[in-house]
Amino acid sequence: MPFGKYFTVIALTALKFFNGPIAGIVMDLTWYETAICSIIGMMAMVTLMSFLGKQIQIWISNYRKTKPKLFSKRSRFAVKIWLKLGVWGIACFTPLFFTPIGGTLLALSFKVPIPKILLSMLVFAVFWGIVLTFAIFQVSELRHLFM
């Protein structure tokens, strides 16, 4: 079993969700191995950030020299998602627009309970893990047809 390849996909997905499926193609993993590793990677980071997130937010605020902008394009987008869709919206858009780290910290900043964060992130990690991995693998196969 290629545990090094699995770990690489898990680690890359934990940082940015799209990196996992791309790494899976590069490392010649099957699409379902890549999807499973992508789900594990996202949920590992979400779990870690859920329990350490508040401490990280406090640490960052202590070392920040200037106050962050209250209204930026990104914060307005996040608040709009929160107001319309709640934690499920944040979880849905975490793999697409936010990173697993950012999406979890965002949910924590809206004071969502940790079990609800974990459940909603798991649902969308499974959904986007399967959909994005399958789509990226299909595009990769099309590339081979035209070369």
Side-chain angles (χ1 to χ4, degrees), residues 1-140:
M1 293 193 126
F3 289 111
K5 292 179 181 181
Y6 294 159
F7 180 75
T8 302
V9 173
I10 289 169
L12 289 172
T13 304
L15 298 175
K16 181 69 178 160
F17 197 83
F18 278 103
N19 293 343
I22 294 169
I25 288 173
V26 171
M27 294 183 200
D28 291 327
L29 294 176
T30 61
W31 79 268
Y32 56 88
E33 288 174 319
T34 304
I36 290 169
C37 288
S38 296
I39 294 164
I40 291 170
M42 178 171 164
M43 288 312 298
M45 186 56 75
V46 167
T47 303
L48 183 68
M49 287 291 108
S50 293
F51 292 104
L52 297 178
K54 284 295 181 193
Q55 292 302 320
I56 292 171
Q57 287 175 334
I58 291 168
W59 182 74
I60 289 172
S61 67
N62 287 340
Y63 287 100
R64 199 172 256 184
K65 293 183 192 246
T66 60
K67 275 188 121 178
K69 279 183 170 178
L70 192 56
F71 297 108
S72 66
K73 215 175 201 181
R74 190 173 177 111
S75 67
R76 288 175 200 256
F77 177 67
V79 169
K80 205 178 285 188
I81 290 172
W82 172 255
L83 291 175
K84 288 184 180 180
L85 304 170
V87 69
W88 292 97
I90 291 172
C92 179
F93 289 114
T94 291
L96 301 175
F97 301 117
F98 312 122
T99 63
I101 297 169
T104 307
L105 291 177
L106 184 63
L108 285 171
S109 69
F110 287 118
K111 297 183 178 21
V112 178
I114 290 175
K116 196 167 186 176
I117 292 173
L118 294 174
L119 175 65
S120 60
M121 292 287 187
L122 176 63
V123 168
F124 284 105
V126 170
F127 175 76
W128 287 117
I130 292 170
V131 169
L132 290 176
T133 302
F134 188 74
I136 289 171
F137 269 71
Q138 291 303 312
V139 169
S140 174

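- F124 and F93 have their aromatic ring centers separated by at least 6.0 angstrom.
- Once rounded to the nearest 0.5 Å, the distance linking CH2 of W128 with CZ of F18 reads 8.0 Å.
- Between T47 and M43 the shortest heavy-atom distance is OG1-O, 2.7 Å.
- The minimum heavy-atom distance between G129 and I39, with the atom names listed, is CA-CG1, 4.3 Å.
- The minimum heavy-atom distance between G53 and L105, with the atom names listed, is CA-CD2, 3.6 Å.
- Atom CZ of residue F17 and atom CE of residue M42 lie 6.5 Å apart, to the nearest 0.5 angstrom.
- Counting heavy atoms from C-beta outward, L85 and I90 have side chains that stay 4.5 Å or more apart.
- Minimum interatomic distance between V46 and P100 (heavy atoms only, all atoms of both residues): CG2-O, 4.2 Å.
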* **Stepwise side chain to side chain contact (heavy atoms under 4.5 Å, CB included) check, T13 with C37** => CA-CA 8 Å; T13 304; C37 288; over 6 Å; no
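- Two residues are said to be in side-chain contact when any heavy atoms from C-beta on lie closer than 4.5 Å; L106 and S109 meet this criterion.
- Minimum interatomic distance between L108 and M49 (heavy atoms only, all atoms of both residues): CD1-O, 3.4 Å.
- Note on ring orientation: taking the six-membered ring where Trp is involved, the planes of F77 and F98 are tilted (angle from 30° to 60°).
- For the atom pair CG of L52 and CE of M45, the computed distance is 10.0 Å after rounding to the nearest 0.5 Å.
- Note that CH2 of W31 and CG of L132 are 12.0 Å apart. Values are rounded to the nearest 0.5 Å.
- Nearest approach of T34 to G24, heavy atoms of both residues: OG1-CA, 3.5 Å.
- Counting heavy atoms from C-beta outward, C92 and W88 have side chains that stay 4.5 Å or more apart.
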